[in-house]
Engineer: 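Pasting in a structure now, in structure tokens, and then I'll have a few things to ask.
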Amino acid sequence: MSKLLSPAGAKVLFMGNEAIARGALEAGISVAAGYPGTPSSEVIERLAGVAQERKLYVEWSVNEKVALEVAAAASFAGLRSICVMKQNGVNVASDFLLHLTASGTRGGLVLVTCEDPGALSSVNEGESRYFARMLEIPLLEPSNFQEAKDLTKWAFELSEAIGNVVMLRSVTRMSHASGNVICGKLPVKTREAKFDYDGSVMDSQTGPMISTPVVAKHALHQKKLKDVEALFEKSPFNKYVGPAKPQLLIITSSACFLYASEALSMLNLQKRVGILNLSCTLPLPPKLLKKYLRLTNKIMIVEEVLPFLEETVKVLAAGMFAQIGGKTFYGKIDETLPSFGELNPDIVAGALTKIFKIKRKSLPVAYTKELQKAAAIVPAREMTFCAGCPHRASFWNISNAIALDGREGFVCGDIGCYAMAALFPATGYYTTPTLHSMGSGTGLASGFAKLDVFGMNKPILAVCGDSTFYHAVIPALINAQHNRADITFVVMDNAGTAMTGFQPHPGLPTSALKEVVPAVEIAAICKAIGAKVIISDPFDLAATSKILTTFMAEKGSVKVLILRQACALSPEKKGKKIFDVKVNEDLCMGDSCGCNRLCTRIFRCPALTWDRIKKKAAVDEVICAGCGVCYSICPQKAITKTEAASK
Amino acid sequence: MTIPVKKFISQKILKKEVLESGLCTGCGACVGLCPYQVIYHDRTVQLHACDLENGKCYDYCPRTSTDLNKLRNLLFDAGDMSPEIGAMKGYYFSRATNPQLRENVQHGGTVTALMELALLEGLIDSAIISSPDREFGQSGLVVKDKVELRKNAGSKFTVSPTVAVFNQLEGTKDAGNIGVVATACQALALAKMKLKSVKEDRGKIDQLKLVIGLYCGWAFAAQKFNDLMGQNDIALESISGMDIPAGKNSLEIYTATGTKSFPLSDMQECIRNACHYCLDSTAEYADISVGAARFGDNWEEMRHWNQMIVRTQKGRDLIDLAIKRGVLEVKEAPTESLLQLKKAAVEKKKAALQNIIRKSGSAKNLLYLDCHDPVVQMFLAKQISNKKSR
Ligand SMILES: Cc1cc2nc3c(=O)[nH]c(=O)nc-3n(C[C@H](O)[C@H](O)[C@H](O)COP(=O)(O)OP(=O)(O)OC[C@H]3O[C@@H](n4cnc5c(N)ncnc54)[C@H](O)[C@@H]3O)c2cc1C
Ligand code: SF4
Ligand code: SF4
Ligand code: SF4
Ligand code: SF4
């Protein structure tokens, strides 16, 4: 049995995302939808795992906007539903979200956004808390694992109480860390899907689900938000810890509560500083705030990433000036804390030492020395594609084809593992100078291709992965084809949403629930819009480069090359080598003129190593995935390949 | 602290001095040595960055600096040297004796007959010639028998990266000894290998036993030539040959459906840029150099003859053998022909020097040439005095 189904009262070690999933189960959800994205993916994955037992419908949707639409349909039919995504996903969903908050919801609908301060696995550290403010919906931010579960459960009640979406925000350190959670009851579900729409247009529970009459509904929406404010005033999820008369009040939320608590104990300041830990951060309850702001004149706000909470607190404090008097605020706006990157206890402690003008006990000299010694021997690891990664071969082909073409063509990059080509230029062999949101590579290419009349005479390429293709590329591709944008579009089809853990996508015949479902073929879609389509294996270097050079030279509109090769880490490939490869040291030219370490200096599969003493290349058998591509690039045929026995 | 020395990265300098300066002849000497340079549609392309110093690519390229004096001393007898056409042990008119062999050749078939002989006699085991390539226009080809040799006879005036094929062959055991048919720039590249070859490659380059040079006025850039043919509805596959008949000032293209003639002035556009900077019209660094006889009034007769310059002892021995075996008809060429040849050679040298100076902006900077080289100096002096007298 999945630990997600543990009985009431059981104490279970849950990772943050599992706690959220358990909370949703305790709330009795029927539907869960999302699009994979680190650090959010486990919520949907875990729910899919118990779908049968809990009678859930769970899906990986084509993108976040559609996921929210799927979840909203359940809500309209009176069911509880959860919709899960990472911060970037909220941008994608925002168009629908804007209208949804205006029409309102019925069954509890919780939008979970798992965010990535420090951009540990994202190309931005954007925040969606501002969406909550802009769209005037309640925002909840759990600061421990128990709370993650409890708040999620409560969020559904709240959503139903106000007839609108509730946003629950987690961060990497909450979603991916683990802690003990005491489980509540799993309800016996009784709800049936039923969608009434013949009531009054002003009644979102019985009337049509639309945003009009806009002004009247907006006023109603704001009135309900006032009710939420009242609920938050009394919410047990907002807590104060610390002395009755603190010298400094820290106002914080989410994982930052942990950083702040640890910083206080590092500096032994627990008796001098109080922490107001808010889990209901929007709308901020003014009475509660007034009570604690009165405790002291020095206030520090600790949050990630932007001064969202700080701004809200300051606005309220300004309004209460007559009652609470002037305060000194420390936070991001005065640069006591950085408004970029992740926080940690050290950063918070650093800020506290400045405010209190105290010195931190420095580390023992011997320890620092040891640390430095260790740092020196830690091998520098570069970010790169895995051994046997098809993207390496794909970019090798693209880079060579661009060079052969000779017009300095370039690639518009996109989001997926292959974004690495733009993030670390040597990894993409210096082909990919742009990287933005999902699908934007193709849109950019469509635009670049029209600049030929202004003198840009170079081939324009775009890449995307299979999952990204469905997510956001199709409109851009249609745009390119329709507007006769001459682009070479490469789909790096590695048979799954590899970057986030092989979730299925519409191109695969399986669903989140492991059912057999119709696969929607990329090639068929491209052909249907009138593009020229060729499928190739990126490991076949000669054939693939040739298609690319031909595509680039050919005048026309959209030319699609689908490079099909499963991810080296994919379940069907993992641990299985196609080839055993070895370096024949007698043939290896090493770093002498004639090769100059092509394999380890330029191609750089992490399984290829350079023996500094022998001055020969070598294959690290443990890391090698046995793709055999290095065999094809070695000018000396010094890398040999034989069919792997373990195949 | 060590003072950082500015590294002389061969590939980078080659790119700057040759590729980006429009001096690349497309000879292929820097190609096939390593994975970094390739030829694509007669363009030399650098695929990835190499950071070595003293690399072969730079050393072998005929458009990087060369100690020509040293090269002449290495290859030729001092007494044979002439400033206009290089070393000369003998100067003849010739043609292949076998009329069958002559059917497919450019002029007299001297080149094909000599290569055939060298293969037959075991002087060489592989011959590298040039062959039309569907995708690349022209490329080098290794042949080991006369059928292939004859099939690929005749001149194609587009650039051929012939030396790349030599690079890929050298050192392979089954290639054995190698003979190459080379235009002037290709012959220079092959000669530079002998001068500059690194120790471990010396054995390989010793496999190169024979270089038969082709006279060369210029070559066409493949893309421009192909485009022109396209505009005139001439399918590239249908071209069976081409020549510049004496006295006509036009290029004739022979196809199955007849001959098309293009005024040479129209063809100027198609000439590879690099050829304007080349001083060598007789492949001065070969063992034997062969061109059209192009002498007297009777072109229809003379077009089936070659003129040739024998430059080395090796070349001399091969001609003697050819006469002995009866494969070549050889006759002394008239002195006027030699004078004509030298005059044309001087014209090319002067024009090229002028172009070089125009590009570099100074007579002191002759790009790949050394302004102190005695031969260069001679034509440089002429140029400057010409200018003054004008
Ligand atoms: C680009 C070029 C320019 C030339 N310019 C002149 C000139 O200005 N004046 C002059 O007298 N002669 C010139 N020639 C030489 C002439 O065309 C004949 O090749 C020469 O007279 C030998 O004739 P043949 O009958 O002995 O040749 P063949 O027996 O027909 O043999 C010709 C050989 O040349 C090789 N070849 C063909 N095309 C090329 C190429 N593009 N690059 C390298 N090798 C090739 C063939 O593979 C063959 O082996 C030029 C040749 C070329 C290729
Ligand atoms: S076969 Fe070569 S390229 Fe493939 S994983 Fe092994 S070492 Fe890397
Ligand atoms: S590419 Fe081949 S020859 Fe070059 S270093 Fe690697 S194994 Fe050796
Ligand atoms: S020939 Fe040598 S120096 Fe030149 S690019 Fe190749 S390996 Fe580098
Ligand atoms: S002239 Fe020959 S060796 Fe020099 S860059 Fe061009 S192809 Fe390479």
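Chain letters run A, B, ... following the sequence lines, proteins first and then strands; every chain starts at 1. These numbers were taken from a predicted model, which means no experiment stands behind them. Computed over heavy atoms, backbone and side chain alike; hydrogens, waters and symmetry mates excluded.
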Engineer: Determine whether A:D405 and B:Y40 make a side-chain contact, defined as any pair of heavy atoms from C-beta on separated by less than 4.5 Å.
Structural biologist: no
Engineer: Are there residues of residues 389-404 of chain A whose heavy atoms fall under 4.5 Å of chain B's heavy atoms? If so, which?
Structural biologist: A:W396, A:S399, A:N400, A:A403, A:L404
Engineer: Do you know the tightest heavy-atom contact between B:P35 and A:C595?
Structural biologist: CD-CA, 3.9 Å
Engineer: Considering the options B:N54, B:D59, B:L52, which one meets the side chain to side chain contact (heavy atoms under 4.5 Å, CB included) requirement together with A:C593?
Structural biologist: B:L52
Engineer: So what's closer than 4.5 Å to chain A heavy atoms on B:N167: side chain, backbone, both or neither?
Structural biologist: neither
Engineer: Kindly check if the number of other-residue, nucleotide or ligand heavy atoms within 6.0 Å of NZ (B:K15) is above 12?
Structural biologist: no
Engineer: Return the option, out of B:S10, B:A49, B:G55, with the maximum number of heavy-atom pairs under 4.5 Å with chain A.
Structural biologist: B:A49
Engineer: Would you indicate whether A:E621, at its atom CD, is surrounded by more than 12 heavy atoms from other residues, nucleotides or ligands within a distance under 6.0 Å?
Structural biologist: no
Engineer: Looking only at heavy atoms and a cut-off of under 4.5 Å, which of A:P635, A:G406, A:C634 has the most pairs with chain B?
Structural biologist: A:P635
Engineer: Crowded around B:E53 CD? As in, over 12 foreign heavy atoms under 6.0 Å?
Structural biologist: yes
Engineer: Can you sort out the partners of A:R484 under salt bridge (Lys or Arg N to Asp or Glu O under 4.0 Å), two or more places apart, ordered by chain and number?
Structural biologist: none
Engineer: Is chain B contacted by the side chain of A:R601, its backbone, both, or neither, given a heavy-atom distance below 4.5 Å?
Structural biologist: side chain
Engineer: Atom CZ in A:F603, atom NE2 in B:H48: separation rounded to 0.5 Å?
Structural biologist: 9.5 Å
Engineer: Side chain, backbone, both or neither: which part of B:Q46 has a non-hydrogen atom closer than 4.5 Å to chain A?
Structural biologist: backbone
Engineer: Is it the side chain or the backbone of B:L33 that comes within 4.5 Å of chain A heavy atoms, both, or neither?
Structural biologist: backbone
Engineer: For A:K637, I'd like to know if atom NZ has over 12 heavy atoms of other residues, nucleotides or ligands within 6.0 Å.
Structural biologist: yes
Engineer: Given a strict heavy-atom distance threshold of 4.5 Å, which part of A:L598 is in contact with chain B: side chain, backbone, both, or neither?
Structural biologist: both
Engineer: As a quick check of understanding, evaluate side chain to side chain contact (heavy atoms under 4.5 Å, CB included) for B:Y36 and A:N596, giving each step before the final call.
Structural biologist: CA-CA 9 Å; B:Y36 301 106; A:N596 192 14; 4.0 Å; yes
Engineer: Is atom NZ of B:K12 surrounded by more than 12 heavy atoms (other residues, nucleotides or ligands) closer than 6.0 Å?
Structural biologist: no
Engineer: With a sphere of 6.0 Å drawn around CD of B:E20, does it hold more than 12 non-hydrogen atoms of other residues, nucleotides or ligands?
Structural biologist: yes
